Amino acid sequence: MVVDVKKLSDALRHSSPEEELRRDLERLIGARRQEINSALEAGRSFVLRVPDGRRIRISPRTAPEPATAQ
């Protein structure tokens with residue numbers, strides 16, 4: 001099997017936009033983790049702005065409503 005090492009290394013060097021966004025989110029969430037956790041513990045949402053301009057809202061989980069017997 002013949003492998004073009006230059007093509008292989010170029011392909012490995014380039015990442016998809018999804019991978020770049022995931023890495024950006026991991027970095028941003030890691031840097032603001034304390035603020036995010038404080039907001040969530042207080043029952044508030046936290047809005048995170050991604051470098052490309054999008055906003056991501058991180059909201060606290062809500063407990064499911066109990067089923068009522070009829």
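Computed from a predicted model, the values in this text were never measured in an experiment. Side-chain atoms are counted along with the backbone in the values below, which use heavy atoms only and exclude waters and symmetry mates. Index from 1, following the sequence.
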Peer 1: In chain order, what residues pass the side-chain contact (heavy atoms from CB on, under 4.5 Å) check against R57, with sequence neighbours excluded?
Peer 2: S45, V47, S59
Peer 1: In the hydrophobic clustering that connects Ile, Leu, Val, Met, Phe, Trp and Tyr at side-chain heavy-atom distances below 4.5 Å, which members other than L21 occupy its cluster, ordered by chain and number?
Peer 2: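 Hydrophobic cluster check, L21: joined to L25, L28, I29, I36, L40, F46, L48, V50, I56, I58.
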Peer 1: Which residues pass the salt bridge (Lys or Arg N to Asp or Glu O under 4.0 Å) test with R55, not counting sequence neighbours?
Peer 2: none
Peer 1: Please identify each residue that fulfils salt bridge (Lys or Arg N to Asp or Glu O under 4.0 Å) with E18, with sequence neighbours left out.
Peer 2: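 If we apply the salt bridge (Lys or Arg N to Asp or Glu O under 4.0 Å) test to E18, skipping adjacent residues, there are no hits.
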Peer 1: State which residues pass side-chain hydrogen bond (donor to acceptor under 3.5 Å, both in side chains) with Q34; sequence neighbours excluded, sorted by chain then number.
Peer 2: none
Peer 1: The criterion is side-chain hydrogen bond (donor to acceptor under 3.5 Å, both in side chains); which residues satisfy it with R27, sequence neighbours excluded?
Peer 2: none
Peer 1: Quick test of your reading: applying salt bridge (Lys or Arg N to Asp or Glu O under 4.0 Å), list the pairs with at least one residue in residues 30-46, sequence neighbours left out, ordered by first then second residue.
Peer 2: R32-E35
